[in-house]
Amino acid sequence: MASAAKRPAGLAVKRDVAQRKERASYGAKREKIVKAAGSVLKQYGLGGTTIGAIAKEAGLGRATIYYYFADKGAIFGEVIHGGLVEMVAALEEVAASGDSPEVQLRSSMRVVMRAFEQHYPQLHIFFTEDSSSVIDSNRHTEIVAAGRRYEDLLDAVVRDGMRQGIFQTSLPPKVFARTVAGMLNWTSRWFVPGGILDAGEVAGGMADTILAGVLVKEPLGEATLR
């Protein structure tokens, strides 16, 4: 983050003023930069991405990029945080739906895969590269918190299913939940939008595989659970 510290403080002030006065156009330009950053990240990864490459992709000058973002870490941090927050909000809706644990698990996996698809390659890079040295520490803390909430929501679905006797596995609930999260997160190694399967199809296939192994054909009674 040393490069950001060297930037004139006046740029930060100008960013704040512009954001207050021209919210619509300011937001549109930031979105254009973020979209361009996604294309560059897809080609070069986090380490190979530069402000110059982002500016070229966006059709803007380097100075313009710095007018909207302090550095590439700020761009990356914003899109990662935004993607995770959006994903967690959708998972919260699933949790509040009142659906059965089986349906909630399927829906949760679909939410995660669709978030990975929509925010590709940023979320995929987040799961495969160490971004802690690039993203601002406060923003990184928020990102980690969102990631933990995602795992906690999966854990809650699993525990509810096991408590109701709908899921049966020799794994402890937390380990089972982490197994599901691990399957989802590992798609960052191979899933690319526009392939043979879309995000929903991948999520459905993984859910079928998991549930075929843990679903109890007939719900266990209370006596059996004891």
**Report entry** Candidate pair Ile75 and Tyr68, rule side-chain contact (heavy atoms from CB on, under 4.5 Å), full reasoning
**Finding:** CA-CA 9 Å; Ile75 300 173; Tyr68 290 90; over 6 Å; no
Query raised in the report: Step by step, would you call Arg139 with Glu142 a salt bridge (Lys or Arg N to Asp or Glu O under 4.0 Å)?
Result: CA-CA 5 Å; Arg139 175 64 69 168; Glu142 294 173 346; 3.5 Å; yes
Requested in this report: Quick one: do Lys35 and Glu57 satisfy side-chain contact (heavy atoms from CB on, under 4.5 Å)? Show the steps, please.
Outcome: CA-CA 9 Å; Lys35 184 176 180 180; Glu57 180 69 23; over 6 Å; no
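For the atom pair CE of Met113 and CD of Glu201, the computed distance is 11.0 Å after rounding to the nearest 0.5 Å. Note: Asn138 CG to His140 NE2 = 11.5 Å, rounded to the nearest 0.5 Å. Annotation: the span from Glu92 atom CD to Ser108 atom OG amounts to 10.5 Å, rounded to 0.5 Å. Here the OG1 atom belonging to Thr128 is positioned 11.0 Å from the CG atom belonging to Asn185, to the nearest 0.5 angstrom. Atom CD1 of Ile65 and atom CG of Asp71 lie 12.0 Å apart (nearest 0.5 Å). In this structure, CD in Glu78 is found 10.0 Å from CD1 in Ile33, a value given to the nearest 0.5 Å.
No donor-acceptor contact under 3.5 angstrom links the side chains of Asp155 and Tyr150, judged on distance only.
Smallest separation of non-hydrogen atoms from Thr169 and Phe176: CG2-CD2, 4.1 Å. Between Ala58 and Lys32, the closest heavy-atom pair is O-CE, 3.0 Å. Between Ala146 and Val88, the shortest heavy-atom distance links the atoms O-CG2, 3.4 Å. Ala115 and Leu123 make their closest contact through O-CD1, 3.6 Å (heavy atoms, listed as atom of the first residue, atom of the second, distance). Counting all heavy atoms, side chain and backbone alike, Glu117 lies closest to Asp198 at OE2-CB, 3.8 Å. In terms of heavy-atom proximity, Ile210 sits nearest to Met109 at CD1-CE, 3.7 Å.
Note on Tyr67: it clusters hydrophobically with Phe69, by side-chain heavy-atom contacts below 4.5 Å among ILVMFWY residues. Residues Ile166 and Leu211 share a single hydrophobic cluster, defined by chaining ILVMFWY side chains whose heavy atoms lie under 4.5 Å apart. Tyr120 and Ile125 end up in different hydrophobic clusters when Ile, Leu, Val, Met, Phe, Trp and Tyr side chains are linked at under 4.5 Å. Note on Val144 and Ile135: separate hydrophobic clusters, where clusters join Ile, Leu, Val, Met, Phe, Trp and Tyr whose side-chain heavy atoms are under 4.5 Å apart, directly or indirectly. The hydrophobic cluster containing Val192 does not contain Met183, counting ILVMFWY residues as joined when their side-chain heavy atoms lie under 4.5 angstrom apart, directly or transitively.
Inter-residue side-chain proximity for His119 and Glu86 is flagged as met; some heavy-atom pair is nearer than 4.5 Å. Counting heavy atoms from C-beta on, the side chains of Val202 and Trp190 come closer than 4.5 Å. When side chains are defined from C-beta on, Met206 counts as touching Thr187, because their heavy atoms get closer than 4.5 Å. Side-chain contact between Phe126 and Leu84: present, with at least one pair of heavy atoms (C-beta onward) separated by less than 4.5 Å. Annotation: side chain of Arg114 is not in contact with side chain of Met87 (no heavy-atom distance under 4.5 Å). Contact check for Leu184 versus Leu154: side-chain heavy atoms found under the 4.5 Å cut-off. With contacts defined as side-chain heavy-atom distances shorter than 4.5 Å, the pair Lys29/Leu60 qualifies.
Results of the side chain to side chain contact (heavy atoms under 4.5 Å, CB included) test with Val94 over Val111, Leu153, Val103 single out Val111 as the only residue that passes.
Using a distance-only test at 3.5 Å, with no hydrogens or angles considered, a donor-acceptor pair links the side chain of Thr141 to the main chain of Ser137. Lys72 places no side-chain N or O within donor-acceptor distance of the main-chain N or O of Ile54, the cut-off being under 3.5 Å. Panel note: side chain Gln122, backbone Ile80; no donor-acceptor pair is recorded below 3.5 Å.
Judged as a ring-ring contact (aromatic ring centres under 6.0 Å, His included), and not counting sequence neighbours, Tyr44 has no contacts.
Aromatic ring centres of Phe127 and Phe116: separated by under 6.0 Å.
The pair Asp208-Arg106 meets the salt-bridge criterion, since a charged nitrogen lies less than 4.0 angstrom from a carboxylate oxygen.
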